[in-house]
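The analysis underlying the following values was restricted to heavy atoms, covering all of them including side chains, and did not include hydrogens, waters or symmetry mates. Quick note on labels: first sequence line is chain A, next is B, and so on, each numbered from 1.
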There are 2 protein chains.
Amino acid sequence: MEERLDTAEGKRGRITIHDVAAAAGISISTASKALNDTGRMGLETRERVKRIAAEIGYRPNALARGLLSKRSFTIGLLTNDTYGRFTLPVMAGISDALVDHGVSVFLCAIEEDPALGQIHVEAMLDKQVDGIIATGKRLDRRLPIDLSNLNVPVVYAFTEGAPGTVTFRSDDAQGAQLAVEWLAKLGRKRIVHVTGPESFFSVRERADAYCRVAGEERPVLFGVWSESWGHEAVAKLWSGSGEKPDGIFCGNDQIARGVIDALRERGIRVPQDVSVVGFDNWEIVAAQTRPPLTTVDMELKELGRQAGLTVLALAEGRPVEPGIRKLPCRLVVRQSCGGDTPRI
Amino acid sequence: MEERLDTAEGKRGRITIHDVAAAAGISISTASKALNDTGRMGLETRERVKRIAAEIGYRPNALARGLLSKRSFTIGLLTNDTYGRFTLPVMAGISDALVDHGVSVFLCAIEEDPALGQIHVEAMLDKQVDGIIATGKRLDRRLPIDLSNLNVPVVYAFTEGAPGTVTFRSDDAQGAQLAVEWLAKLGRKRIVHVTGPESFFSVRERADAYCRVAGEERPVLFGVWSESWGHEAVAKLWSGSGEKPDGIFCGNDQIARGVIDALRERGIRVPQDVSVVGFDNWEIVAAQTRPPLTTVDMELKELGRQAGLTVLALAEGRPVEPGIRKLPCRLVVRQSCGGDTPRI
DNA sequence: GTCAAGTGGGAAAAGGTTTTCTCACTAATA
DNA sequence: TATTAGTGAGAAAACCTTTTCCCACTTGAC
């Protein structure tokens, strides 16, 4: 018995459906139909074929299948986020959503190089990807390559998309609101916002939401995305003679880190004297600050998951309404604000 | 002219070699041979075909080609490094090396889940990947899945491989030597080593090299991979009554960051009083410390590049000698040690 | 005993490409 | 003139599946 199977496998190369058919003593069409639960045949035949296929370790060749079905069960993920801080969670979400559907993901990091982008896109199209997801490190910038006239569906995630397409992004206004409301709920009255360059769309969006919730007159300090700007901002805030803040909403976790360090250096206690909230929930920063940082998570993994399901829907011809979908952020409570809400 | 081309394209779906043949008034075999520079034909015919193919935007279908050639021009990258700190540079190197050869990369993040790993490996095999590169976050741990009996070549990068295979890793001993020699060259005499858990192979390897260069009697403090351990270690070192160190070689950049912060809090100047070297060159940490961190770079991108070229060689049947290849590290000089060497 | 309907299964085409073989024709040689 | 050698190009097979169509056979009804 075993020997017969070995002989069947003994043929050169991979096991094909021919081997299954031969081992079961039937034709390849019947074998195919048995394995795919299509066509008509005796239940007993069907199950025998399945059993034999499993025994000899048959796995269908996706290339041949794709050639016929015009579906490769493959999608491309294009990113210009070299460092991968945003891309990786998105990628994880996509992969997570699609692995059940047998879809694999090509990852192409194209930096800011249009030529490289072109090469990767062409390679993906040659490989008949069912769709492409474009992602980046900035909501208000496009990838350095035009994806609008491809004959495969394109979905944008965390990067600016073309008109008439689907774009997923985080709801930064809602995230900012979450942060400021949390500070307010903890009784903080003199809240300030220390954030990145005003040229970033999401900076403006977060700042606007902050003003809406905290009050128009509350100060916003624009700067750069670095710890040192956090230090500097604290120096600025504490240099004047006026009232000092008791809550600081930071534009990202790195700034928050700088702020917290600067406060500690001044002997100001976090969270007793001042509460600090970050943005991004970049674990590696947020969890290592002292105290660990309460921060806003953009749910990038969920964003990736939805982008994955959407590109799949488009690939299968299901209708999807174009537009920008804003996904809600989530507040991750650690210890930089005080408050007694249990850790999430 | 344009209209004729449009009509040619007007057929349903993608442009195939049939369209090229039709447009050129020749058979598909001749078209194929013309485009691939094989077979015999008039030079003029060959060039005309190429020109027409370019004009109508023909691109060969990689699925069909792969079906026949048994090469999919696709490889799989398997990683359990969720955060991507090590995987991303490796990925960038692989992609960089292979894009010229028309090879695309499937990225599969499998966490520590063997079942998920199995699913991804099977999906990759179904898609006829030409090879697999396994990478991880730890040199001395295997991925949670056995890749030894696949009928595609497997190369290991920054993770422990199976016997008889090719494994690429960084030369941690050489990297540690680089760091300690640099401290010595700057005149530091009382060097200590603050590092991660002794259970890590690379920790032991770096520590051994450190002892060899700095002297057997120099102290090694094992701990964990975190900033807070860096703080703690400084507290330990400065709590005793003995001579204080003037050079600290840290097991990674996060520890170094903690060490530098702790030193500053004690009013000890870096680099004037104490020089600090890190390990990993994790830009986001190393560049944000104050002062910026001199650290050892493991050249992961180069490692990825070599892994990519190796798996390609194996896929093409070129012989590759099995074994462990250690790639040299590089010292990245910033400002945490002093010294007048220009920034690299 | 004929017809219709239903059932189990196979033959063949299709998908796009590459490769091997074969053929027709020309030019050069014997 | 008859043979050879060389040249340009096409037909067909192969890669592995899926799917459509068809065939042979059985059963039940008339």
Residues R141(A) and E160(A) bridged, charged N to O under 4.0 Å: no
Identify all side-chain donor-acceptor contacts of residues 305-318 of chain B below 3.5 Å with residues at least two apart in sequence or on another chain.
residue : atom : partner : partner atom : Å
R305(B) : NE   : E302(B) : OE1          : 3.1
R305(B) : NH1  : D96(B)  : OD2          : 2.4
Q306(B) : NE2  : E302(B) : OE2          : 3.0
T310(B) : OG1  : Q306(B) : O            : 2.7
E316(B) : OE1  : R318(B) : NH1          : 2.2

Inset, instruction - Measure from the side-chain N and O atoms of T79(A) to the backbone N and O of A134(A), and report whether any donor-acceptor pair falls under 3.5 Å. - result: no
Lys/Arg-Asp/Glu bridge criterion (N-O < 4.0 Å) met for R65(B), D126(A): no
| query | Which class fits the ring pair F106(B) and F106(A): parallel under 30°, tilted 30 to 60°, perpendicular over 60°? | reply | parallel
Each nucleotide of nucleotides 7-20 of chain D classed B (base within 4.0 Å of a protein heavy atom), S (only sugar-phosphate) or -, in 5' to 3' order, makes BBBBBB-BBBBBB-
